[in-house]
A.B. asks: 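A single structure is presented below for examination.
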Amino acid sequence: MRYEKDFLHLQLTEPTVLSLGKFDGLHRGHELLMESVFEKARTGLKAAVFTFDIPPNQTNESIQQVITTNEEKQQLFMERGADYFIECPFTKEIMQMEAEQFIEQMVKRLCVKWIVVGTDFHFGHHRRGDYHMLQNYADLYGYHVLVVQKMQYQGRDISSTYIREALLNGSMELANELLGYPYFIQGKIIHGNQLGRTIGFPTINITPPPQKLLPPFGVYVSQIHLDGKQYKGITNIGKKPTIQGDNPAGAETYIYDFKGDVYDRTAKVELLHFERPEMKFDGIGQLKRQLEKDIAYGAQYFQNIGVIDML
């Protein structure tokens with residue numbers, strides 16, 4: 001996949017089928033869009049994705065939390081087989097560009113032959129542009145437009161807002177159903193305070209970027225992807241209130257049946273089920289007893305899943 005960032009100086013020569021959007025979460029509704037993109041691409045076009053490097057309503061004064069970071073989106077689109085990933089910086093020039101000019105620049109620079117968008121897609125200054133405008137300019141610029149209807153789940157449109165609500169409620173099963181894959185936190189494994197190791201429960205620690213939307217602080221049943229292998233685990237999301245000091249929010253994971261030095265390697269931690277809220281314990285002994293309960297809970301969860309899978 002070719003990654004491009006300088007949209008205003010980009011000039012593709014291969015004809016493309018293009019989809020545009022924020023793609024926060026790259027959920028099942030987005031997957032429906034991409035199915036249409038790849039279908040058109042099989043006619044001899046290149047599959048291209050256009051997004052912004054920050055959400056359009058984010059300002060320098062605040063960080064809007066997102067389900068998937070820019071880096072995660074890039075990885076997900078690469079895994080799905082996109083040929084081009086255009087991550088346009090949301091500069092003042094782009095922000096103030098009129099919708100008509102945006103269409104002209106997009107078609108000219110990205111060699112667009114098909115545009116695939118959802119019914120709620122808007123673009124240009126004051127979000128004036130929509131799929132109706134794209135259709136109105138199709139003949140002038142020589143492209144076609146395919147509008148994909150929203151996918152629904154339980155009578156509601158699948159959207160980043162719907163997923164965000166599920167995550168903030170700790171409803172991981174619902175969030176993962178809407179995403180079409182498990183919500184994950186990914187990053188380099190860093191050195192923690194080594195407390196888990198001293199009490200017999202070694203863990204790996206990941207600090208997510210500040211823009212990553214986290215579910216409620218607490219303990220989750222998880223699965224971990226590390227060095228090409230998948231493991232089962234229990235993950236605490238939070239700030240470790242039992243440990244003194246101002247600890248940053250992070251993901252601390254106990255991996256079942258795993259030993260080894262994995263510092264500085266990249267791990268993906270997928271959250272499957274919320275067990276309990278994060279707690280502050282009176283001492284290490286109380287913390288250790290609760291960890292034993294959490295680990296037993298996770299083992300029972302995976303055992304029950306295994307039984308269901310065999311039915």
Side-chain angles (χ1 to χ4, degrees), residues 1-24 26 29-60 66 68-148 160:
M1 183 180 76
R2 181 172 157 185
Y3 170 72
E4 296 287 349
K5 205 168 175 65
D6 191 2
F7 169 63
L8 292 179
H9 296 93
L10 180 61
Q11 185 60 68
L12 302 185
T13 57
E14 299 175 296
T16 64
V17 48
L18 178 70
S19 190
L20 308 95
K22 288 190 288 186
F23 298 109
D24 189 19
L26 191 52
H30 296 141
E31 292 282 5
L32 191 62
L33 279 176
M34 294 310 298
E35 286 177 11
S36 297
V37 168
F38 291 129
E39 181 181 349
K40 298 299 180 185
R42 285 192 286 271
T43 66
L45 305 177
K46 295 295 183 179
V49 176
F50 182 101
T51 189
F52 292 101
D53 67 350
I54 59 171
N57 58 345
Q58 181 172 313
T59 67
N60 293 329
V66 292
T68 46
T69 65
N70 293 334
E71 293 77 11
E72 291 167 350
K73 277 192 286 188
Q74 182 179 346
Q75 176 185 327
L76 288 169
F77 276 113
M78 181 175 65
E79 291 172 354
R80 281 151 181 75
D83 296 300
Y84 291 98
F85 183 74
I86 299 103
E87 188 180 79
C88 178
F90 196 63
T91 61
K92 185 176 181 180
E93 183 178 4
I94 292 292
M95 183 171 59
Q96 295 181 347
M97 185 179 290
E98 295 298 335
E100 294 86 352
Q101 184 185 0
F102 180 79
I103 294 174
E104 180 184 11
Q105 290 289 325
M106 178 182 61
V107 175
K108 171 184 173 183
R109 299 190 179 282
L110 306 183
C111 199
V112 176
K113 302 304 177 185
W114 274 93
I115 298 176
V116 180
V117 293
T119 55
D120 60 346
F121 176 65
H122 289 82
F123 60 94
H125 194 213
H126 296 311
R127 293 169 51 86
R128 286 180 47 246
D130 58 13
Y131 74 90
H132 295 293
M133 182 180 286
L134 289 173
Q135 291 171 329
N136 292 339
Y137 279 84
D139 289 340
L140 176 62
Y141 291 114
Y143 62 81
H144 303 277
V145 180
L146 176 61
V147 181
V148 179
S160 300

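Positions are given from 1 along the sequence. Hydrogens, waters and symmetry mates are skipped; everything else that's a heavy atom, side chains included, is used. Here the structure is a predicted model, which means the values were calculated and not measured.
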A.B. asks: Do Val147 and Thr119 come within less than 4.5 Å of each other through their side chains, counting heavy atoms only?
C.D. replies: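 Of all side-chain heavy-atom pairs linking Thr119 with Val147, at least one is under 4.5 Å.
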A.B. asks: Spell out, as yes or no, whether a donor-acceptor pair under 3.5 Å connects the side chain of Gln96 to the backbone of Glu93.
C.D. replies: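 Between the backbone of Glu93 and the side chain of Gln96 there is no qualifying donor-acceptor contact (under 3.5 Å).
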A.B. asks: Checking Lys40 now: which residues fulfil side chain to side chain contact (heavy atoms under 4.5 Å, CB included) with it, not counting sequence neighbours?
C.D. replies: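 Side chain to side chain contact (heavy atoms under 4.5 Å, CB included) list for Lys40, sorted by chain: Val17, Trp114, Leu146.
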A.B. asks: Does Tyr3 have any side chain to side chain donor-acceptor pair (under 3.5 Å) partners at least two apart in sequence or in another chain, and if so, which?
C.D. replies: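 Expected list: Glu87.
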A.B. asks: Sequence neighbours left out, what passes side chain to side chain contact (heavy atoms under 4.5 Å, CB included) with Lys108? Give chain and number order.
C.D. replies: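 For Lys108 the side chain to side chain contact (heavy atoms under 4.5 Å, CB included) partners, ignoring immediate neighbours, are Gln11.
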A.B. asks: OH/Tyr137 to CD1/Ile103 distance, rounded to the nearest 0.5 angstrom?
C.D. replies: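 It is 6.5 Å, given to the nearest 0.5 Å.
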A.B. asks: Give every residue pair that meets the salt bridge (charged side-chain N to carboxylate O under 4.0 Å, His left out) criterion with at least one member in residues 110-136, sequence neighbours excluded.
C.D. replies: Glu98-Arg128, Glu100-Arg128, Asp120-Lys150
A.B. asks: Between Leu10, Leu20, Val49, which is the residue that forms a side-chain contact (heavy atoms from CB on, under 4.5 Å) with Ile86?
C.D. replies: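 Only match with Ile86 under side-chain contact (heavy atoms from CB on, under 4.5 Å): Leu10.
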A.B. asks: Return the set of residues passing side chain to side chain contact (heavy atoms under 4.5 Å, CB included) with Ile94 (not counting sequence neighbours), or none when no residue passes.
C.D. replies: Phe7, Leu8, Phe52, Cys88, Phe90, Thr91, Met97
A.B. asks: Using modelled atom types only, decide if a donor and an acceptor are shared between the side chain of Tyr141 and the backbone of Leu134 within a distance under 3.5 Å.
C.D. replies: no
A.B. asks: Of all residues at least two apart in sequence or in a different chain, which pass the side chain to side chain donor-acceptor pair (under 3.5 Å) check with Gln135?
C.D. replies: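 Gln135: no side chain to side chain donor-acceptor pair (under 3.5 Å) contacts found.
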A.B. asks: Are Met1 and Gln74 packed together at the side-chain level, in the sense that at least one heavy-atom pair is separated by less than 4.5 angstrom?
C.D. replies: yes
A.B. asks: Please enumerate all residues that pass ring-ring contact (aromatic ring centres under 6.0 Å, His included) together with Phe85, with sequence neighbours excluded.
C.D. replies: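 If we apply the ring-ring contact (aromatic ring centres under 6.0 Å, His included) test to Phe85, skipping adjacent residues, the hits are Phe77.
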A.B. asks: Which pairs count as salt bridge (charged side-chain N to carboxylate O under 4.0 Å, His left out) when at least one residue sits in residues 73-82, sequence neighbours excluded?
C.D. replies: Glu31-Arg80
A.B. asks: Can you tell me how far apart CD (Gln105) and CD (Gln101) are? Round to the nearest 0.5 Å.
C.D. replies: 5.5 Å
A.B. asks: Identify the two heavy atoms, one from Asp24 and one from Thr68, that lie closest to each other, and give their separation to 0.1 Å.
C.D. replies: OD1-N, 3.0 Å
A.B. asks: Any chance you could lay out the side-chain contact (heavy atoms from CB on, under 4.5 Å) test for Leu18 and Met106, step after step, and finish with the verdict?
C.D. replies: CA-CA 10 Å; Leu18 178 70; Met106 178 182 61; 3.5 Å; yes
A.B. asks: How long is the gap from CD on Glu4 to CG on Leu12, to the nearest 0.5 Å?
C.D. replies: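 Between Glu4 CD and Leu12 CG, I get 6.5 Å after rounding to 0.5 Å.
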A.B. asks: Suppose we screen for side chain to side chain donor-acceptor pair (under 3.5 Å). Which residues come up paired with Asn136, at least two apart in sequence or across chains?
C.D. replies: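 Not a single residue meets the side chain to side chain donor-acceptor pair (under 3.5 Å) criterion with Asn136.
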A.B. asks: Between the main-chain N or O of Val116 and the side-chain N or O of Ser19, is there a donor-acceptor pair closer than 3.5 Å?
C.D. replies: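 Checking the backbone N and O of Val116 against the side chain of Ser19, a donor-acceptor pair under 3.5 Å is found.
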A.B. asks: Under the criterion side-chain contact (heavy atoms from CB on, under 4.5 Å), which of His30, Met34, Glu35 is the partner of Leu32?
C.D. replies: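 Of the listed residues His30, Met34, Glu35, the side-chain contact (heavy atoms from CB on, under 4.5 Å) partner of Leu32 is Glu35.
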A.B. asks: Are the side chains of Val112 and Thr16 in contact, using a 4.5 Å heavy-atom criterion?
C.D. replies: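 The answer is yes, as the side chains (C-beta and beyond) meet within the 4.5 Å cut-off.
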A.B. asks: Among all residues two or more places apart in sequence or in another chain, which pass the ring-ring contact (aromatic ring centres under 6.0 Å, His included) test with Phe123?
C.D. replies: Phe102, Phe121
A.B. asks: Which value, rounded to the nearest 0.5 Å, describes the distance between Arg109 atom CZ and Asp6 atom CG?
C.D. replies: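 Taking CZ in Arg109 and CG in Asp6, the distance rounds to 8.5 Å.
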A.B. asks: According to salt bridge (Lys or Arg N to Asp or Glu O under 4.0 Å), who are the partners of Asp83, at least two apart in sequence or on a separate chain?
C.D. replies: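 Applying salt bridge (Lys or Arg N to Asp or Glu O under 4.0 Å) to Asp83 gives none.
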A.B. asks: Taking atom types as modelled and ignoring hydrogens, do the side chains of Tyr84 and Glu14 form a donor-acceptor contact shorter than 3.5 angstrom?
C.D. replies: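 Short answer, yes.
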A.B. asks: Phe38: what forms a ring-ring contact (aromatic ring centres under 6.0 Å, His included) with it, not counting sequence neighbours?
C.D. replies: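 Testing Phe38 for ring-ring contact (aromatic ring centres under 6.0 Å, His included), a comparison that skips the adjacent residues, returns none.
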